[in-house]
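See below for the structure under consideration.
Numbers restart at 1 for each chain; the letters A, B, ... are given by sequence-line order, proteins then strands.
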Amino acid sequence: MLIDLARTSAAVAADAARLAKIRHLAELLSRVDPDEAEIAIAYLSGELPQRQIGVGWRGLQDLPEPRQIASATLTQVNDLLSRIKAQAGPGSQATRKDLLAELFRSVTRQEQSFLLRLLGGELRQGALNGVMIEAVAKAAGVPAAEVRRALTLRGWLPAVGSAALTGGVDALRAFRLEVGRPVSPMLAQSAPSLAAALAKLGGTAALEWKLDGVRVQAHRSGPDVRIFTRTLDDITAQVPELAEVVLALPADDLVLDGEVIALRADGRPEPFQVTASRVASKTDVARLRESVPLSVFFFDALRVAGADLLDLPDADRHAALAGAVPETLLTPRLVTADLDEGTAFYADALRRGHEGVVAKSAATPYAAGRRGAGWIKVKPRHTLDLVVLAAEWGHGRRQGKLSNLHLGARDPATGRFVMLGKTFKGLTDELLSWQTERFLELADGPADHWVVPLRPELVVEIAFDGVQRSPRYPGGMALRFARVLRYRPDKTPQDADTVDTVRALLL
DNA sequence: TTCCGACAGTGGGGTCGCAAT
DNA sequence: ATTGCGACCCCACTATCGGAA
């Protein structure tokens, strides 16, 4: 029953302790019908079996009142969500809305609240994939490591968890790397400097250029090639030149990990927006590949010539990769324990317009998620002193706090401030409280509105990765990945950085 | 007892495809 | 032709719990 999940979710949310959350979830999983286990695991980890159904925050407005008595089963709810997803073409939005209303009319208030959070993509119960892995392990009586391993290979916890509940460890071990089915990609942590990254890895590391493109996983079985993104979406049709590259390799049973990127004629990278736009385009691909050709650089191999490599150390996997693809397709790499040598490699990557480097432990096997810190990215950081122009009220745990800052640079020509973007990152709870009070003193207009305009008096030091062209902001440029470092009470708005300084970073 | 790894939460800019206007 | 929405590309950071040291 849906009500059982809604109650479990509420209990999970009410307990701060992770072990208690795991207990609540495991108890639910222990009594769920095996036929509905996949749905239960998906919903309680904030996912939908359909992945996405075309309903977002807007579609969740103006829903009907709940009924009094709970009767909906998981299968009923899930079938309705499938019907919503299946809508397409003229009139589909109205039909979607009708079906969604039908769903919400058929459930109680507590179920509505759960569905709203689930469909809105913000479960806010303090448990998602990571906690659910533990809960599945507990309910199925298997080691969590077995669940994690199967998840890496299958990439979809509801399927893995359902198998674990039914078939235990044996069922989990049956998950193998399958060519044509994407694997959860290994992710990197970050470090503030190359020295810090090398220290974390303990001496010798493999350094690789960090290219500012789109992560791809290439699968080839004989003549069949499939290309997947980080979220395991199939983008083969959008990147035909990549499929051709893989098809031209001598080995015909392959899974490779790499980055696809648009390069200019001189070999320097295009801005990320160019690569992303090209990769996302589904129409006119044949013409686009002439005007914006994509290049691919591989940095890992999960399977070469039919041999699975995931459990091998990085050094061995890379050796296999280097044997399988020509050097022109390899991400430039340097294995070193020497900081000076590494620094020169990093500086060279930046000079050529790339994002930074990734430092890798030579010993680490391939594992999904961030566990193990086998990969550490290092990127340079810019900073600017900007003026807070406005602030937005926060959600969730930031409710009641002014959270999101509108940032502006000084325009010497007009004496006014030009907005360059927003940020909510880098703020401690203490700082959030302080700035909320301070902002209400500076409020220049109604403070009960979503956005609270401020007199431009506060200077804040902002870190960011770069400046990009913006179709949204008046200066035609925006900061990428802006975050707060600290307030600068010692500075006045007249000391703030200017739009000219920012524009110089765009070029 | 202290430290630190892993998670969840809170949102950022940009772009595409699609349906509605 | 334009606008709004959902989805997904890139992502940084803090708070918290609980196992490791």
Nearest to the [X] side chain among [options], which nucleotide is it?
{"X": "Pro471(A)", "options": "dT15(B), dG9(B), dC7(B)", "answer": "dT15(B)"}
{"X": "Arg398(A)", "options": "dT10(B), dC16(B), dG12(B)", "answer": "dT10(B)"}
{"X": "Arg483(A)", "options": "dT15(B), dC10(C), dC13(C)", "answer": "dC13(C)"}
{"X": "Tyr473(A)", "options": "dG13(B), dG11(B), dT15(B)", "answer": "dG13(B)"}
{"X": "Asn404(A)", "options": "dG11(B), dG13(B), dC11(C)", "answer": "dG11(B)"}
{"X": "Phe481(A)", "options": "dC10(C), dG11(B), dT15(B)", "answer": "dC10(C)"}
{"X": "Arg397(A)", "options": "dT10(B), dC10(C), dG11(B)", "answer": "dT10(B)"}
{"X": "Leu19(A)", "options": "dG18(C), dC10(C), dT10(B)", "answer": "dG18(C)"}
{"X": "Arg58(A)", "options": "dA15(C), dG6(C), dG12(B)", "answer": "dG6(C)"}
{"X": "Ala17(A)", "options": "dC13(C), dA8(B), dC17(C)", "answer": "dC17(C)"}

Mind checking if [X] touches a base, just sugar-phosphate, or nothing, with heavy atoms under 4.0 Å?
{"X": "Glu122(A)", "value": "nothing"}
{"X": "Ser92(A)", "value": "sugar-phosphate"}
{"X": "Ser190(A)", "value": "nothing"}
{"X": "Asn129(A)", "value": "sugar-phosphate"}
{"X": "Lys379(A)", "value": "sugar-phosphate"}
{"X": "Val55(A)", "value": "sugar-phosphate"}
{"X": "Ile53(A)", "value": "sugar-phosphate"}
{"X": "Ala482(A)", "value": "nothing"}
{"X": "Ala463(A)", "value": "nothing"}
{"X": "Thr275(A)", "value": "nothing"}
{"X": "Val484(A)", "value": "nothing"}

Rounded to the nearest angstrom, tell me the gap between atom [atom1] in [X] and atom [atom2] in [N].
{"X": "Leu485(A)", "N": "dT14(C)", "atom1": "CG", "atom2": "C1'", "result": "14 Å"}
{"X": "His406(A)", "N": "dG12(B)", "atom1": "NE2", "atom2": "P", "result": "8 Å"}
{"X": "Lys422(A)", "N": "dG14(B)", "atom1": "NZ", "atom2": "P", "result": "11 Å"}
{"X": "Arg472(A)", "N": "dC16(B)", "atom1": "CZ", "atom2": "P", "result": "14 Å"}
{"X": "Lys210(A)", "N": "dC10(C)", "atom1": "NZ", "atom2": "P", "result": "9 Å"}
{"X": "Gln125(A)", "N": "dT10(B)", "atom1": "CD", "atom2": "P", "result": "13 Å"}
{"X": "Gln238(A)", "N": "dT15(B)", "atom1": "CD", "atom2": "C1'", "result": "12 Å"}
{"X": "Glu270(A)", "N": "dT15(B)", "atom1": "CD", "atom2": "P", "result": "13 Å"}

Mind listing the closest non-hydrogen atom pair of Ala409(A) and Thr498(A) along with its distance?
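Looking at all heavy atoms of both residues, the closest pair is CB-C, 3.9 Å.
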
Do you know the tightest heavy-atom contact between Asn404(A) and Phe424(A)?
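Distance-wise, the nearest heavy atoms are OD1-N, 3.6 Å.
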
Identify, between Gln273(A) and Arg124(A), the residue whose nearest nucleotide on DNA chain B lies closer to the 5' end.
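The 5'-side residue here is Arg124(A).
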
On DNA chain B, compare the nucleotides closest to Arg18(A) and Met477(A); which residue's is nearer the 5' end?
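On the 5' side of the pair lies Arg18(A).
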
Does Arg480(A) make a cation-pi contact with Phe272(A), if we ask for NZ or CZ under 6.0 Å from the ring centre and within 45° of the axis?
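Yes, Arg480(A) and Phe272(A) form such a contact.
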
Would you please confirm or rule out a distance under 4.0 Å between OP1 or OP2 of [N] and any side-chain N or O of [X]?
{"X": "Lys97(A)", "N": "dA19(B)", "value": "no"}
{"X": "Ser277(A)", "N": "dC16(B)", "value": "yes"}
{"X": "Lys21(A)", "N": "dC17(C)", "value": "no"}
{"X": "Ser403(A)", "N": "dT10(B)", "value": "no"}
{"X": "His395(A)", "N": "dG11(B)", "value": "yes"}
{"X": "Trp57(A)", "N": "dC5(C)", "value": "no"}
{"X": "Arg96(A)", "N": "dG6(C)", "value": "no"}
{"X": "Ser281(A)", "N": "dT15(B)", "value": "no"}
{"X": "Ser470(A)", "N": "dG14(B)", "value": "yes"}
{"X": "Gln93(A)", "N": "dC5(C)", "value": "no"}
{"X": "Lys377(A)", "N": "dA12(C)", "value": "yes"}
{"X": "Thr231(A)", "N": "dC8(C)", "value": "no"}
{"X": "Arg480(A)", "N": "dC11(C)", "value": "no"}

Can we say Lys379(A) and Glu355(A) salt-bridge, meaning some charged N sits less than 4.0 Å from an Asp/Glu carboxylate O?
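Yes, Lys379(A) and Glu355(A) are salt-bridged.
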
State whether Lys401(A) and Asp429(A) are salt-bridged, where the test is any N-O pair (Lys NZ or Arg NE/NH1/NH2 against Asp/Glu carboxylate O) under 4.0 Å.
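No salt bridge links Lys401(A) with Asp429(A).
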
Write down the partner of dC7(B) under the Watson-Crick or G-U wobble criteria, each distance required to be under 3.5 Å.
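Check on dC7(B): unpaired, no WC or wobble geometry under 3.5 Å.
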
Does the separation of the ring centres of Trp209(A) and Phe297(A) fall below 6.0 angstrom?
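Ring centres of Phe297(A) and Trp209(A) not closer than 6.0 Å.
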
Aromatic contact, His395(A) with Trp450(A) (centres under 6.0 Å):
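Yes.
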
Hey, which sits more toward the 5' end of DNA chain C by its nearest nucleotide, Val214(A) or Leu119(A)?
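Going by which nucleotide is closer to the 5' end, it is Leu119(A).
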
Where each residue is assigned the nucleotide of DNA chain C containing its nearest heavy atom, which of Asp233(A) and Arg381(A) is assigned the position nearer the 5′ end?
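Counting from the 5' end, the first nearest nucleotide belongs to Asp233(A).
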
Report the relative orientation of the aromatic rings in Phe299(A) and Trp375(A); use parallel for angles under 30°, tilted for 30 to 60°, perpendicular for over 60°.
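Perpendicular: the ring planes of Phe299(A) and Trp375(A) meet at over 60°.
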
To the closest 0.5 Å, what do you measure between CD (Glu259(A)) and CG (Leu294(A))?
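The distance works out to 11.5 Å.
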
Before you tell me yes or no, could you show the steps for Arg486(A) and Glu461(A) under salt bridge (Lys or Arg N to Asp or Glu O under 4.0 Å), namely the whole-Å CA-CA distance, both residues' side-chain angles and the distance that decides it to 0.1 Å?
CA-CA 5 Å; Arg486(A) 54 176 173 158; Glu461(A) 186 177 2; 2.4 Å; yes

